[in-house]
There are 2 protein chains.
Amino acid sequence: MRTDDLGQELPEINSDGEALVYMAIADFVAGQIERGERAVGSRLPSELDLSNMWGVARMTVRRAIRELRERGLVNAVHGKGTFVTRPAPEE
Amino acid sequence: MRTDDLGQELPEINSDGEALVYMAIADFVAGQIERGERAVGSRLPSELDLSNMWGVARMTVRRAIRELRERGLVNAVHGKGTFVTRPAPEE
DNA sequence: ATGCATTTGTCCGTATGTATG
DNA sequence: TCATACATACGGACAAATGCA
């Protein structure tokens, strides 16, 4: 059972109806952020770590992070890391 | 307002169309040298001071100084400092 | 000559950015 | 999408050269 840095099981890619690998990863991490499991200001695992966790190429992870950036969920800082920027919405 | 040792305001990096941090710093200092605001033979602020002024890592300052060396504008001397070597061109 | 502070030189590890095949 | 390579950037550590008290 593959798990990430939060100990959460990683879904099999392309077996859950997600057409694009990077989008499946982005959606998974976005869910963690929006549920508050990844705190605002906390750093994501590095692109290299994420690519190892998911068993995908680093460029695919970068594409997922770009998706998260465009959704306003994270902010990448050159040489430091990628950080959660938005709090989970109150429901 | 961040200023350097000449009292000049330092531009925000990556907001002036400069893609590279070190190049923005190199261009800024090169402009001072070429306008004669930094005299030939005068010493630049230390790498540590420059990195504090600009709010960047020392290695980034060193990359900028390397750029200035390659343009023939400065000369670094171990244990002493980095000195302006070329006069402003006559116009 | 000794120690201390300053400054450049070098190296390491990690991380993001860009480019190519 | 993968795989690789290189560039840029951060942060820290230590070495080497200089100058001064």
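Note that the structure is a prediction, hence the values are computed from the model and not measured. Only this structure's heavy atoms are used, side chains among them; waters, hydrogens and symmetry mates stay out.
Here B:Arg71 pairs with B:Asp27 in a salt bridge; the nearest charged N to carboxylate O distance falls below 4.0 Å.
Atom C1' of nucleotide D:dA9 and atom CG of A:Asn75 are separated by 15 Å, given to the nearest angstrom. Distance A:Met59 CE to C:dT20 C1': 11 Å, rounded to the nearest Å. In this structure, B:Lys80 places its NZ atom 13 Å from P of C:dT7, rounding to the nearest Å. Note: CD (B:Glu47) to C1' (D:dA13) measures 15 Å, nearest angstrom. With rounding to whole Å, A:Arg43 atom CZ is found 15 Å from D:dC10 atom P. Regarding A:Leu50, its CG atom lies at a distance of 12 Å from the C1' atom of C:dT16, rounded to whole Å. Per the geometry, CZ belonging to A:Arg63 stands 16 Å off C1' belonging to D:dC2, to the nearest Å. To the nearest angstrom, P of D:dA9 lies 13 Å from CH2 of B:Trp54.
When the nucleotides D:dT18, C:dT10, C:dT18 are ranked by their closest atom to the side chain of A:Arg58, C:dT18 comes out on top. The side chain of A:Ala57 sits closest to D:dC2 out of D:dC10, C:dT8, D:dC2. Of the listed nucleotides (D:dC2, C:dA15, C:dT8), C:dT8 has the atom at the smallest distance from the side chain of B:Ala76. Here D:dT1 is the nucleotide among C:dT16, C:dT10, D:dT1 with the atom lying nearest to any side-chain atom of A:Leu20. Of the candidate nucleotides C:dT10, D:dC2, D:dC10, D:dC2 has the atom nearest to the side chain of A:Thr60.
B:Ile25 and B:Ile65 end up in the same hydrophobic cluster when Ile, Leu, Val, Met, Phe, Trp and Tyr side chains are linked at under 4.5 Å.
The aromatic ring of A:His78 does not stack onto the base of C:dA15, failing the criterion of a centre distance under 5.5 Å from the six-membered base ring together with planes under 30° apart.
Contact record, A:Leu50 with A:Pro45: CD1-O, 3.4 Å, taken as the closest heavy-atom pair.
For the OP1/OP2 pair of C:dA15 and a distance below 4.0 Å, the side-chain nitrogens and oxygens of A:Thr82 include no atom meeting the criterion.
Surrounding CZ of A:Arg2 are more than 12 heavy atoms belonging to other residues, nucleotides or ligands, all under 6.0 Å away.
Remark: of the listed residues B:Val21, B:Leu10, B:Thr60, B:Asp49, B:Leu10 is the sole one forming a side chain to side chain contact (heavy atoms under 4.5 Å, CB included) with B:Trp54.
B:Arg66 comes within 4.0 angstrom of nothing in the nucleic acid, heavy atoms only.
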